[in-house]
Amino acid sequence: MKLLDDKPIKPASFFDALIPISVLICLLGAAVYLFGDNSSSGPNQIALLFATFAAALIGLKNGYTWKKLEQAMIEGITLSLGAILILLMVGALIGTWLLSGTVPTLIYYGLQVINPSWFYAASCLICGIVAMSIGSSWTTAATIGVALLGVATGLGLEQTVTAGAVISGAYFGDKLSPLSETTNLAPAVVGADLFEHIQHMLWTTVPSFVIALIIFIFMGFNATASSEAGRIDEITAILQQNFNIGFEMLIPLIVLLVLAIKKMPAFPAISIGAVVGAVWAMLFQSDLIASQIDVSQGQLVGYFKLVWTTFFDGFSISTGDDKMDSLLSGGGMSGMLTTTWLIMTALMFGAIMEKTGLLDIFVKSILKIAKSTGSLIAATIATCIGTNVIAADQYIAIVVPGRMFKDEYEKRGLKPVNLSRTLEDGGTITSPLIPWNTCGAYMQSVLLINPFDYALYAFFNLINPVLAVVYAYLGIKILRIKPKQSV
């Protein structure tokens, strides 16, 4: 049956909007119940796919042609291609940095200098500083975050708490960095100045981060490090036996940080970092490579083949210690394919929901009850979080609510920076807490911990939206447009 392009479009109803959302919630819940931590390795993708079909059927019922819906899905996937390229190259970078000894060296020195009592707070602060310097929570988590999880293993501290500290610090720094994509996107959507936007965010962001640090300090002092000095000595011995450890192994990290600070785009910067890691592996880890290569085709070919394999299939090592094998193995582009699949299906669903006007239904319903400034800002944050859940992407969670609420903020005499700050308070920092969101999926693929597990410890990401709502209802730092004076 041919679907006509000129068929009139029927406005979506609230019941229409509830159908795909209900399908998604039920199927995601079933995926988590049936598959547990493996739900993001296929079950969640199928849930998103069937929810997309449900939304598409609503669209067809209301007069959209399949051609238009398909085009919306294609455009939705296209939006993710930049992130997917970065994701794949991060996989390569982790693999080459494991082989080159960069990550093992970070773990080695981390075990030497970081006190267990301060570890959680230090992890949060270190990630915050790095992310603010380079403007990328993703890069910070994939490099410093991976190493800190290794240190936590050595100290016998909780992996989930460490991941929460890494996420808290990474998103604090990303949120306040003028180099960050989301920090530039939010004011651009609403028509605010970038640096005025950053200055206005300080009022909600810094107190939230300070509170998170205090909680991490308290948890650190009350944590019991299960590993004694003997275990730390054992881990450092394993690292020294299998890798050439030295400060020169940190050059790939320094190169990447310098490129990021110089504002080189993420994809080429991470690619260069991965290549430098591969070169460093051949220069400094010759004994390790020699122990793993197949010399049947010649030693040089074996070297080249192993390094090439590390790019696409990661690095694997056998040290005789299962926990250290798990810690020191991983990476590769192939390890990111499940996450890529999740991102694509999530953005297909989000694109269909936006194209068919089903997202608009929820926002219009919210505006009917958001009478005060406090309730308007709270509604905006709730919409950003909801969009992160439904559309599964932080960029959509900034752009869509930003477009929808912009006129309402202006109508109520509120400066654009109020909206841009709120978009970040609700959209940017809640994205890594949702497993099927692009950010949550990425963090799980890098840190190897389910967002549902670390979400309770990502204190900054939890506190910031709450504090923003409190500020809104108390009228703290809510800037209003000054009426123009007649001459």
Side-chain angles (χ1 to χ4, degrees), residues 37-38 41 90-112 142-143 145-157 159 162-163 226-246 248-250 252-253 274 276-338 444-449:
D37 289 343
N38 293 322
S41 299
V90 164
L93 178 137
I94 292 174
T96 61
W97 281 21
L98 285 168
L99 180 62
S100 69
T102 301
V103 171
T105 296
L106 284 168
I107 295 171
Y108 178 86
Y109 287 121
L111 290 172
Q112 308 299 315
T143 54
V146 170
L148 287 170
L149 283 170
V151 176
T153 299
L155 296 174
L157 295 171
Q159 292 270 302
T162 304
S226 60
S227 294
E228 298 178 355
R231 176 56 178 165
I232 295 177
D233 291 341
E234 184 180 344
I235 291 172
T236 55
I238 289 173
L239 292 172
Q240 288 178 314
Q241 288 167 10
N242 291 275
F243 297 91
N244 182 13
I245 302 293
E248 65 272 20
M249 303 306 142
L250 301 179
L253 172 62
V276 173
V279 171
W280 244 240
M282 290 187 287
L283 290 176
F284 296 103
Q285 304 297 340
S286 56
D287 291 340
L288 173 63
I289 295 176
S291 69
Q292 296 210 354
I293 63 174
D294 177 7
V295 295
S296 61
Q297 296 176 295
Q299 190 174 35
L300 183 61
V301 173
Y303 264 61
F304 184 69
K305 185 176 179 180
L306 178 66
V307 173
W308 192 341
T309 301
T310 303
F311 273 90
F312 69 82
D313 208 26
F315 172 70
S316 179
I317 190 171
S318 178
T319 65
D321 186 306
D322 291 341
K323 289 185 177 180
M324 291 302 294
D325 291 348
S326 176
L327 176 65
L328 299 173
S329 302
M333 291 185 180
S334 61
M336 298 297 181
L337 294 180
T338 297
Q444 180 171 353
S445 67
V446 169
L447 303 178
L448 304 180
I449 298 176

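Computed from a predicted structure; not experimentally measured. Scope of the values below: all heavy atoms of this structure, side chains included, with no hydrogens, waters or symmetry mates.
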Work out which heavy atom in Ala92 is nearest to a heavy atom in Ala274; give both atom names and the distance. C-CB, 4.2 Å

I'd like to know if the side chain of Tyr108 and the backbone of Gly246 have a donor-acceptor N/O pair within less than 3.5 Å. no

In Å and rounded to the nearest 0.5 Å, what is the CG to CG distance from Leu328 to Leu99? 11.5 Å

Rounded to the nearest 0.5 Å, how far apart are OG1 of Thr153 and CG of Leu148? 11.0 Å

First locate atom CG of Leu98, then atom OG1 of Thr310, and finally report the distance between them rounded to the nearest 0.5 Å. 9.0 Å

Starting at CG of Asp287, measure out to CD of Gln292 and round the result to the nearest 0.5 Å. 12.0 Å

Between Thr162 and Leu447, does the side-chain contact (heavy atoms from CB on, under 4.5 Å) criterion hold? Intermediate values first, please. CA-CA 10 Å; Thr162 304; Leu447 303 178; over 6 Å; no

Identify the two heavy atoms, one from Phe243 and one from Gly101, that lie closest to each other, and give their separation to 0.1 Å. CD2-CA, 4.1 Å

How long is the gap from CG on Leu306 to CD1 on Ile289, to the nearest 0.5 Å? 6.0 Å

Testing the basics here: between Ala142 and Ile94, what is the closest heavy-atom pair and its distance to 0.1 Å? O-CG1, 3.9 Å

Quick one: are Thr96 and Val307 in side-chain contact, heavy atoms under 4.5 Å? no

If you take all heavy atoms of Thr102 and Ser100, which pair is closest and at what distance? OG1-OG, 2.9 Å

Ala147 to Ile107 - nearest heavy-atom pair and separation: O-CG1, 3.6 Å

Any side-chain heavy-atom pair of Ile245 and Pro104 under 4.5 Å: yes

Could you tell me whether the side chain of Val146 reaches within less than 4.5 Å of the side chain of Trp97, counting heavy atoms only? no

Can you tell me how far the CG atom of Leu106 sits from the CE atom of Met249, to the nearest 0.5 Å? 12.0 Å

Determine the interplanar angle of the Trp280 and Phe284 rings, folded into 0 to 90°, and report it as parallel if under 30°, tilted if 30 to 60°, perpendicular if over 60°. tilted

Correct closest heavy-atom pair for Ser329 and Ser316 would be OG-CA, 3.5 Å

Close side-chain approach of Ile449 and Leu149, heavy atoms under 4.5 Å: yes

Taking the side chain as C-beta and beyond, is there a heavy-atom pair between Leu288 and Ile317 under 4.5 Å? yes

Is it true that a side-chain atom of Asp313 and a backbone atom of Thr309 form a donor plus acceptor pair closer than 3.5 Å? no

